[in-house]
Amino acid sequence: MQKVVKYRCPSNIALVKYWGKKDGGVQLPANASISWSLSDLFAETTMIATPSNQTQLVFKYDGNPKPSFEPKILDFLTRIAPFSDFVNQHSFEIDTINNFPHGTGIASSAAGFGALALCIADLEGQFEIGSNEFYQRASFFARLGSGSACRSVYAAPAVWGEHTDVQDSSDLFAVPFEGHIHESLQNWKDCVLIVDDGEKKVSSTAGHSLLKNHPYAEARFKQAQKNIGNILQFMQQGNVSDFIALVESEALQLHSMMMSSIPYFTLIRPGTLAIMEEIWTFREETNLPIAFTLDAGANVHLLYSSEIEEQVINFIHTKLLVNCKKGLYLCSSTGGKPLKLS
Ligand code: DP6
C-alpha cells in the first residue's frame with residue numbers, strides 16, 4: 001500500500017562549528033558542534049513510498065521533475081538502507097521546496113535532508129511520532145545526508161558530537177540541549193545578509209576533507225570541544241558578552257581553517273569583512289547584544305536579541321545593505337521545531 005507524508009524542517013546555524021570529520025564512518029564529526037534552528041527558513045517535503053523490491057526514486061522540486069538531484073538522494077537512501085528495512089522495501093517519490101529563494105547562497109541541505117529524514121522516520125513507523133526516539137532516529141538519518149542536517153530536527157539548541165558536558169551526546173545523531181537557557185539568550189533572531197549569491201568555489205564536503213592534512217587541525221578540534229563547554233555555560237548563565245565573543249571567534253576560526261588549508265581557499269568576500277567591521281563599530285557605540293557568525297560561505301548571519309529588533313533593522317538598512325547583493329537579506333526566528341504537515 002502506498003503511504004504519503006509531508007514535513008517542514010527548519011534550517012540551522014551553528015554557533016560552534018562542525019569542520020572536519022573523523023575516519024571510520026559517514027559524517028562522524030571531529031568535534032562537537034551546537035546550533036540554533038532557523039524556523040522561518042525551511043524545506044517542505046512530501047514523500048510517497050510504494051512497496052517495491054528495488055529502491056527507485058523520482059525527485060521533484062516544487063512539482064517539477066529534477067532528475068539532476070536524483071543521484072545525490074539515491075546515494076542518501078543507499079546510506080540509510082543498511083539501517084532501515086523500510087527503505088530497502090520501497091520506491092520513493094519526493095517533492096520538496098525551500099521557502100527561501102534559490103541562489104542566495106543559503107545552504108538548503110540542512111533543511112532538505114532534515115525534512116527527508118523526518119519523512120522516512122515517520123513512514124517506517126518504528127517509534128512514536130514526536131517521541132525522543134523518533135527525533136533521534138530522524139537526526140541519525142539526516143546526518144547520513146549531510147552532517148549539519150542532523151541538528152535541524154530540534155527546537156532546542158542542538159548538540160551533535162560526543163562531549164563530556166552533554167548527556168547522551170553522540171557522533172551519530174544530534175541531541176537537544178535540555179539545560180535551562182538564560183532568558184537573555186532565548187528568542188534571538190538571525191538575519192542572513194546576502195553578500196554573494198553565486199555557487200561556492202569549494203563545497204563544504206571538500207572543505208571538510210582538507211582538515212585531513214591540516215597543520216592546525218588537532219588544535220582546532222580541541223578548541224571547539226572547549227568552546228562547547230564554555231558556550232553552554234554562557235547560555236545558562238546569561239553571559240551575553242562572552243557568548244558574543246565566542247560565537248564570532250568560532251566564525252573566524254572556521255574561515256581561518258579554510259585559509260590555512262593546503263591547498264588554501266577563501267569564501268569570505270570584501271562585503272563580508274565590511275559588514276563585520278560595521279557590526280563591531282555598531283556594538284561599540286550602542287552596547288547592544290548583536291553578533292555575527294558565518295557558515296561555509298560569504299553571507300553574514302547577524303544574530304541579535306529579538307528585543308532590539310527595531311534598532312537592528314534600522315542598522316541593517318542604514319549601514320549594511322550597501323554590501324548585500326541586490327540589497328537582499330532574510331530574517332528568521334531561532335528555535336522553531338519541525339512540523340508534520342500531513
Ligand atoms: C560550515 O554539513 O554541509 O556549515 O557533512 O559534508 O554535508 P557535510 O557538510 P556540511 O558542513 C557544514 C559546515 C558548516 C558548519 C556547521 O554547520 O556546523
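In this chain, residues are counted from 1 in sequence order. In each ligand, atom 1 is the first atom listed, and ligand 1 is the first ligand listed.
- Geometrically, ligand 1 and Thr205 share a nitrogen or oxygen pair separated by less than 3.5 Å.
- Here the options are Gln311, Glu309, Lys189, the test is side chain to side chain donor-acceptor pair (under 3.5 Å), and the partner is Tyr304; only Glu309 passes.
- Comparing Gln27, His208, His255 against atom 9 (O) of ligand 1, the shortest heavy-atom distance belongs to His208.
- If you check the side chains of Thr281 and Glu285, you find no donor sitting under 3.5 Å from an acceptor.
- With no hydrogens or angles considered, no side-chain donor-acceptor pair links Thr50 and His90 at under 3.5 Å.
- Residue Ala296 approaches ligand 1 through these ligand atoms, each under 4.0 Å from one of its heavy atoms: 1 (C).
- Remark: minimum distance from atom 4 (O) of ligand 1 to any protein heavy atom is reached at Asp295 CB, 3.9 Å.
- Of all the heavy atoms of Ala14, the ones lying under 4.0 Å from any atom of ligand 1 belong exclusively to the side chain.
- Each of the atoms 2 (O), 3 (O), 10 (P), 12 (C), 17 (O) of ligand 1 lies under 4.0 Å from some heavy atom of Ser148.
- Counting protein heavy atoms only, atom 13 (C) of ligand 1 is closest to Tyr18 O, 3.5 Å.
- In the vicinity of Lys21, heavy-atom distances shorter than 4.0 Å reach the ligand 1 atoms 5 (O), 6 (O), 8 (P).
- Those atoms of ligand 1 with a heavy atom of Gly147 less than 4.0 angstrom away are 2 (O), 5 (O), 7 (O), 8 (P).
- Checked by atom type, the side-chain pair Ser169/Glu162 shows no donor-acceptor distance below 3.5 Å.
- The nearest protein atom to atom 7 (O) of ligand 1, hydrogens excluded, is given as Ser146 OG, 2.7 Å; this is a heavy-atom distance.
- Relative ring orientation between Trp36 and Trp188 is described as tilted, the plane-to-plane angle lying within the 30° to 60° band.
- Contacts between Leu254 and ligand 1 below 4.0 angstrom, taking non-hydrogen atoms only, involve the side chain exclusively.
- For the residue pair Asp122/Tyr7, the side-chain donor-acceptor check at 3.5 Å is satisfied.
- Counting heavy atoms only, Arg151 comes closest to atom 17 (O) of ligand 1 of the residues Arg143, Arg151, Lys17.
- Under a 4.0 Å N-O distance rule, the pair Asp23/Lys212 qualifies as a salt bridge.
- Between His208 and Trp19, the ring planes lie tilted relative to each other; the angle falls in the 30° to 60° range.
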